[in-house]
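What follows is a short report on a single structure.
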Amino acid sequence: MDIKNKSITSRDEDFAQWYTDVCKKAELMDYSEVKGFIIYRPYGYAIWEEIQNYLNKEFKKTGHENVYLPMVINESLFQKEKDHVAGFAPECLIATQGGGQELQDKLIIRPTSECLFCEHYSHIIKSYRDLPKLYNQWCSVVRWEKTTRPFLRGSEFLWQEGHTMHASEDEARQETLRMLDIYDKMGRDLLAIPFVKGRKTEKEKFAGALETYTIEALMHDGKALQSGTTHYFGNGFSKAFGIQYLDKDGKIKNPYQTSWGVSTRLIGSIIMVHGDDNGLVLPPYVAPIQVVIVPIKMNEPGVLSKAKEIKEILEKAGFRVKLDDSDKTPGWKFSEYEMKGVPLRIEVGPKDLANNSCMIHKRNDGTKSKYDLSNIESTVKDLLAAIHKEMYSAALKNLLANIKEAHTFEEVQKIVNEGGYCKMMWCGDRACEDKIKEITNATARCIPFDQVAFDDHCPVCGKEAKYVVLFAKAY
RNA sequence: CGGGGCGUAGCGUAGCUUGGUAUCGCGUCUGCUUUGGGAGCAGAAGGCCGCAGGUUCAAAUCCUGUCGCCCCGACCA
């Protein structure tokens, strides 16, 4: 741990530069010729694939099906739900030409697909027997952002968007919470990130939604990052788009709707929650490479064949393993894979051959110890499990240490300026929310599910408090 | 959209004030020696100096315009 990689700016010196350095040096992405559109390099894309694998299993367990809808929406379709249009219109990219001709109907590159799903659902939902419809789509969307940062905010980003239709309001509301739980579980089991779960305020909720729920993560610099959202729409869109079905009782009804999504922003979350001054630190179960094997003096007899043997044993046991037998020096390889956040490094050299052992280095805490090779599968399994647990605990400890209660407006300002969440009682008025934003630049992250009142007045206006709410500066 | 930087080899840069052969490091390629924390030596390849005009015998350098990128704000996943 005390050996620093000099090509990466330290976190304390300049967190923004550190972030950019890690993105590039760990070969997660590259900039393209067009601002805000990045290239997801193989190592970065592989992290996304692990997230996809995890979520596809969870989605299918809960009865969802993957579909694919077009990337363009014609303008008249997009105009149908007015709150939604007002929210998204300013950041739409619009195609106006095709085949060298001006288009009669302009085509909007989807910023999200509610309209497309609603239009399709209006064709295929006719009877209560057609419900629920539980669809999910993996795709990219485009939003014309003014300020962009790799993974955190791009003009184009990859995501999944679930869109579901239900016969009853109650079932739709449950779906919204069920999917939020799946995201939360992904944090615990895959990303080693503890999220704060809660509901968005009126000001912060999604354009067109009745309720928006969120998972919020706390970055190492004390800023919050909205890492996933689920929305309950009621039947507003289904009325606007004319989605109707004939119910058991013979009456025509509009179904109730949800949508939910997580994006490649999760990669940014992983980087900023776990990373350190030597680069990326990947949680073991989402890491594209879980174990890297570095042979020492690989030209000496037996070394390379032993390294290959270990690779085969571990691959057979289901681990993602890389053997680096390139002619770079061991020191170079150590630095390289630390920068890339590979959880475990196995070193094998001539000294190890005699007693059938190896050295194993843990990326998260920098410790290195000698292990017997005879039961390497279970050793690796246990070490990966331990790393996951340690990383989750460290992140949780940091989260809990950075949620601070405020009773006065002075305390609110002090806490959000220091970084982390300011936990306060709130009257529920938009004016108080706006005032905090105006003075401190912090926003209401969520009204957490965990509602234990600790005061009876709002620190901003002094009126009676209704909710516990978390404010923080956010990405 | 405001403020601040910056465009010279794949990357990072010097040169620009005072016009005159394109600078250095990293990386890349070849060979030998190395290998338990970013190796050493020797050799080699690689440039419309962001783009377009202008001034000049001569422009990376001076003038005008233009395009793009990065960072910080306001807006958003």
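Protein chains get the first letters and strands the later ones, always in sequence-line order, with residue 1 at the start of each.
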Show each protein N/O and nucleotides 70-73 of chain B N/O combination with a separation under 3.5 Å, one pair to a line.
from  : atom 1 : to       : atom 2 : distance (Å)
B/G73 : O6     : A/Thr147 : OG1    : 3.1

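- The side-chain hydrogen bond (donor to acceptor under 3.5 Å, both in side chains) with A/Glu347 is formed by just one residue from the set A/His361, A/Lys368, A/Lys333; it is A/Lys368.
- Here A/Thr329 pairs with A/Trp332 under the side-chain contact (heavy atoms from CB on, under 4.5 Å) rule; sequence neighbours left out.
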- Message: Let's test your reading of the pairing rules: Watson-Crick or G-U wobble, both distances under 3.5 Å, then write RNA chain B as a dot-bracket string with ( ), [ ], | and dots.
- Response: (((((((..(((.......[...))).((((((.....)))))).....(((((..]....))))))))))))....
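- Distances from the side chain of A/Phe157 to the nucleotides B/G36, B/C75, B/A77 place B/A77 closest.
- Partners of A/Arg265 under the side chain to side chain donor-acceptor pair (under 3.5 Å) rule, at least two apart in sequence or in another chain, do not exist in this structure.
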Please list, pair by pair, any protein nitrogen or oxygen found under 3.5 Å from a nitrogen or oxygen in nucleotides 41-46 of chain B.
none

- Task: Begin with the C-alpha distance, continue with both residues' side-chain angles, and end with the deciding distance and a verdict on salt bridge (charged side-chain N to carboxylate O under 4.0 Å, His left out) for A/Glu58 and A/Lys185.
- Result: CA-CA 10 Å; A/Glu58 295 296 323; A/Lys185 184 168 170 288; 3.1 Å; yes
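- In the interface, the side chain of A/Arg345 is paired with the base of B/G37 through a donor and an acceptor atom under 3.5 Å apart.
- With sequence neighbours left out, the side-chain contact (heavy atoms from CB on, under 4.5 Å) criterion links A/Leu396 to A/Pro194, A/Tyr392, A/Leu399, A/Leu400.
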Which pairs, protein N/O on one side and nucleotides 25-34 of chain B N/O on the other, fall under 3.5 Å?
from  : atom 1 : to       : atom 2 : distance (Å)
B/U28 : OP1    : A/Lys328 : NZ     : 3.1

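- In this structure, A/Asp382 has no side chain to side chain donor-acceptor pair (under 3.5 Å) partners at least two apart in sequence or on a different chain.
- Legend: residues meeting side-chain contact (heavy atoms from CB on, under 4.5 Å) with A/Lys351, ordered by chain and number and at least two apart, are absent.
- Within 4.0 Å of A/Thr229, counting heavy atoms only, lies no atom of the nucleic acid at all.
- Of the listed nucleotides (B/G38, B/G36, B/A77), B/G38 has the atom at the smallest distance from the side chain of A/Ser335.
- Evaluation of the salt bridge (charged side-chain N to carboxylate O under 4.0 Å, His left out) test over residues 67-87 of chain A, restricted to residues two or more places apart or in two chains, returns none.
- When the ring pair (Phe, Tyr, Trp, His ring centres under 6.0 Å) test is applied to A/Phe15, the partners found at least two apart in sequence or on another chain are A/Trp18.
- Within 4.0 Å (heavy atoms only), A/Glu145 reaches at least one base atom of the nucleic acid.
- Using a cutoff of 4.0 Å between basic side-chain nitrogens and carboxylate oxygens, A/Asp184 and A/Arg188 are scored as salt-bridged.
- Partners of A/Phe88 under the ring pair (Phe, Tyr, Trp, His ring centres under 6.0 Å) rule, at least two apart in sequence or in another chain, are A/His84, A/Phe206.
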